[in-house]
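Everything below concerns the one structure shown next.
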Protein chains: 2
Amino acid sequence: MKTPKISEAVVRRLPVYLRYLQYLNESSIRTVSSQEMGQTLGINPAQIRKDLAYFGDFGRKGIGYEVPYLIEKIKQILKLDRTIQVALVGAGHLGIALSNYNRFTREKLSIVALFDQDPNKIGCKIGLLPIQPMSELNATVSRLDIQIGIITVPAPEAQRVADRLVAAGVRGILNFAPVKIKVPDEISLRTADLTTELQALAYYID
Amino acid sequence: MKTPKISEAVVRRLPVYLRYLQYLNESSIRTVSSQEMGQTLGINPAQIRKDLAYFGDFGRKGIGYEVPYLIEKIKQILKLDRTIQVALVGAGHLGIALSNYNRFTREKLSIVALFDQDPNKIGCKIGLLPIQPMSELNATVSRLDIQIGIITVPAPEAQRVADRLVAAGVRGILNFAPVKIKVPDEISLRTADLTTELQALAYYID
DNA sequence: TAGATTGTTAATCGATTAACAATC
DNA sequence: TAGATTGTTAATCGATTAACAATC
């Protein structure tokens, strides 16, 4: 698992491969070729082989890839084989929607703490998790060894929340607020902007 | 507004430019250079100029871009200057979160109808909008001239919902279900997969 | 005018795809 | 063995960046 320099495009395709492989596995299909995967996913087979080959020789010439084995390997690469604890800040509808995604827990990437600054929400439970006040952030991140923070607060508060997450010690942030936030270089940041998705779609209408 | 072949990457940056320009406008800043924009947004100034130049000569040499004028132009390009009606199928938390985004309405991209298949939800109101049964889809899409459908149902139902939206006459679909769906070529499709975002982020931890 | 900044062409960079030897 | 399919190198394609004449 040497890494010669993996582009973001490659990393973004891995979860797509993984999901398809899990579907195959549930269908009791044990082997798959890059040809078949490419067909289904709309991705060039050579690209799939190249993406996978960055991380190791997972296939067998003349045969293809063994589904359960490849699932294991991709999980390792994406670190989905070990527990990664996630905190979510902003228990609005989007926050609740995300904390309900059970796929996260299935993949050992699980939201284990919820925070909100609204005093009326403190103590309410979403599923099994109580909503905590922001004053608990540092203590909870340390206690549960939380590595990732998800931001689902309104845009004007996003930077402040990001700063607090960084100070509390998270290693990565997934930001859903429609604003560009700044974090130190050593913190991984991804921004998922739902409004720009819809605006970009409008371009293609007509 | 001739289109020599605009890449998706360009279209995805336009909403980002727009948001920053709107921020400048609210701050009463009337002029901006590609230099300044690039600095703030972390994008190469030459790229910004090139992106904009695909659609027209919006700037003035030696001066830069006039903020209100450029806002108008980008809105025109993204078709945010005309009303585009949107229907949302799946009134769960994610659906409610999206229908509450007031930015959409501000941009004349507004969610004007909600659908769900759960009989218990029918008639409940989210903001001003009642949740309608799927049996109303065709009639409502026609009556309100709805052009875009947003899918926020669970993955196993997504393809079926997409088929119904297409049959009802929408032109574009924004899919939030974590599954690849198929639509006819003439329908624009974007998939926003929140689970793969988080999985990709995990790769960069450590 | 002098300084600044665009629009655009050319150069660079990186990602995708094709091709094929290796080999199951 | 013959057919299939990988891993990888080379070729292609497209996107980003640099450079600069035009001009405000």
Side-chain angles (χ1 to χ4, degrees), chain A residues 1-17 20-21 24 29-74 77 196 200 203, chain B residues 1-17 20-21 24 29-74 77 196 200 203:
Chain A
M1 207 174 303
K2 342 89 215 185
T3 45
K5 186 81 159 300
I6 309 299
S7 81
E8 176 159 334
V10 174
V11 175
R12 288 180 61 90
R13 282 190 292 267
L14 293 177
V16 177
Y17 301 156
Y20 177 58
L21 290 163
L24 290 178
I29 294 169
R30 291 283 161 267
T31 291
V32 67
S33 67
S34 59
Q35 175 72 228
E36 280 168 69
M37 287 183 69
Q39 191 94 55
T40 308
L41 299 174
I43 299 175
N44 184 296
Q47 181 161 77
I48 294 174
R49 294 198 298 278
K50 199 164 203 220
D51 286 351
L52 296 173
Y54 281 122
F55 302 99
D57 291 4
F58 301 146
R60 293 207 297 169
K61 292 187 172 73
I63 309 290
Y65 298 89
E66 214 196 319
V67 172
Y69 178 73
L70 190 52
I71 288 174
E72 273 321 293
K73 285 302 180 184
I74 295 181
I77 295 162
T196 61
Y203 174 83
Chain B
M1 207 174 299
K2 345 88 221 182
T3 44
K5 185 80 160 301
I6 310 298
S7 80
E8 176 160 332
V10 174
V11 175
R12 287 180 63 92
R13 282 191 293 266
L14 294 176
V16 177
Y17 301 156
Y20 176 58
L21 290 163
L24 290 178
I29 294 169
R30 290 281 162 265
T31 291
V32 67
S33 66
S34 59
Q35 175 72 226
E36 280 169 71
M37 287 184 68
Q39 191 94 54
T40 307
L41 299 174
I43 298 175
N44 183 296
Q47 182 160 76
I48 295 174
R49 294 200 298 278
K50 199 163 204 226
D51 286 351
L52 296 173
Y54 281 121
F55 302 98
D57 291 3
F58 300 146
R60 293 208 297 171
K61 293 186 170 73
I63 309 292
Y65 299 89
E66 214 196 320
V67 173
Y69 178 73
L70 190 53
I71 287 174
E72 273 321 294
K73 285 301 179 185
I74 294 181
I77 295 163
T196 61
Y203 174 83

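Throughout, protein chains are lettered first and strands after them, A, B, ... in sequence-line order, and every chain is numbered starting at 1.
The line from CG of A:Leu14 to CG of A:Leu52 is 7.0 Å long, rounded to the nearest 0.5 Å. Atom CD1 in B:Ile48 sits 8.5 Å away from atom OH in B:Tyr65 (nearest 0.5 Å).
As a whole-Å value, the separation of B:Leu70 CG from C:dT6 P is 11 Å. Remark: C1' of D:dT17 and CG of B:Leu52 are 16 Å apart, rounded to the nearest angstrom. Rounded to whole angstrom, the span from the CG atom of B:Asp51 across to the P atom of D:dG14 amounts to 17 Å. Counting to the nearest Å, the P atom of C:dT5 and the CD atom of B:Glu36 are 7 Å from each other. Between the CD atom of A:Gln47 and the P atom of D:dG7 there is a distance of 15 Å, given to the nearest Å. When rounded to the nearest whole Å, the span between CG of B:Asn44 and C1' of C:dG7 equals 14 Å. Regarding B:Gln39, its CD atom lies at a distance of 16 Å from the C1' atom of D:dT17, rounded to whole Å. Atom-to-atom, CD1 of B:Ile63 to P of D:dC24 comes out at 9 Å; the value is rounded to the nearest Å.
Applying the Watson-Crick and G-U wobble criteria (two distances, each under 3.5 Å), C:dA22 pairs with D:dT5. Nucleotide D:dA10 is matched to C:dT17 when pairs are restricted to Watson-Crick or G-U wobble geometry with both distances under 3.5 angstrom.
For B:Tyr54 and D:dA15, the shortest distance from a side-chain N or O to OP1 or OP2 is not below 4.0 Å. Taking side-chain N and O atoms only, B:Ser34 has a distance below 4.0 Å to OP1 or OP2 of C:dT6. Here B:Tyr65 does not reach the OP1 or OP2 of D:dC24: none of its side-chain N or O atoms lies under 4.0 Å away. For D:dT16, the OP1/OP2 oxygens have a side-chain nitrogen or oxygen of B:Arg13 closer than 4.0 Å. For the OP1/OP2 pair of D:dA15 and a distance below 4.0 Å, the side-chain nitrogens and oxygens of B:Arg12 include no atom meeting the criterion. Phosphate contact (OP1/OP2 of D:dT5, side-chain N/O of A:Gln35, threshold under 4.0 Å): absent.
B:Phe58 is not listed as a side-chain neighbour of B:Ile74, based on a closest heavy-atom distance of 4.5 Å or more. Counting heavy atoms from C-beta outward, B:Pro68 and B:Arg30 have side chains that approach closer than 4.5 Å.
Summary of the strand contacts: A:Gly64 and B:Lys50 both lie near DNA chain D, and taking for each the nucleotide with the nearest heavy atom, the more 5' one is attributed to A:Gly64. Of the two residues near DNA chain C, A:Val10 and B:Lys61, the one whose nearest nucleotide lies more 5' is B:Lys61.
Distance from the side chain of B:Arg49 is smallest to C:dT8 among D:dT16, C:dT17, C:dT8.
Applying the side chain to side chain donor-acceptor pair (under 3.5 Å) test between B:Ser34 and each of B:Arg49, B:Gln47, B:Lys50 identifies B:Arg49 as the sole match.
Among the heavy atoms of the strands lying under 4.0 Å from A:Arg60 are primed sugar atoms or P, OP1, OP2 only; no base atom is included.
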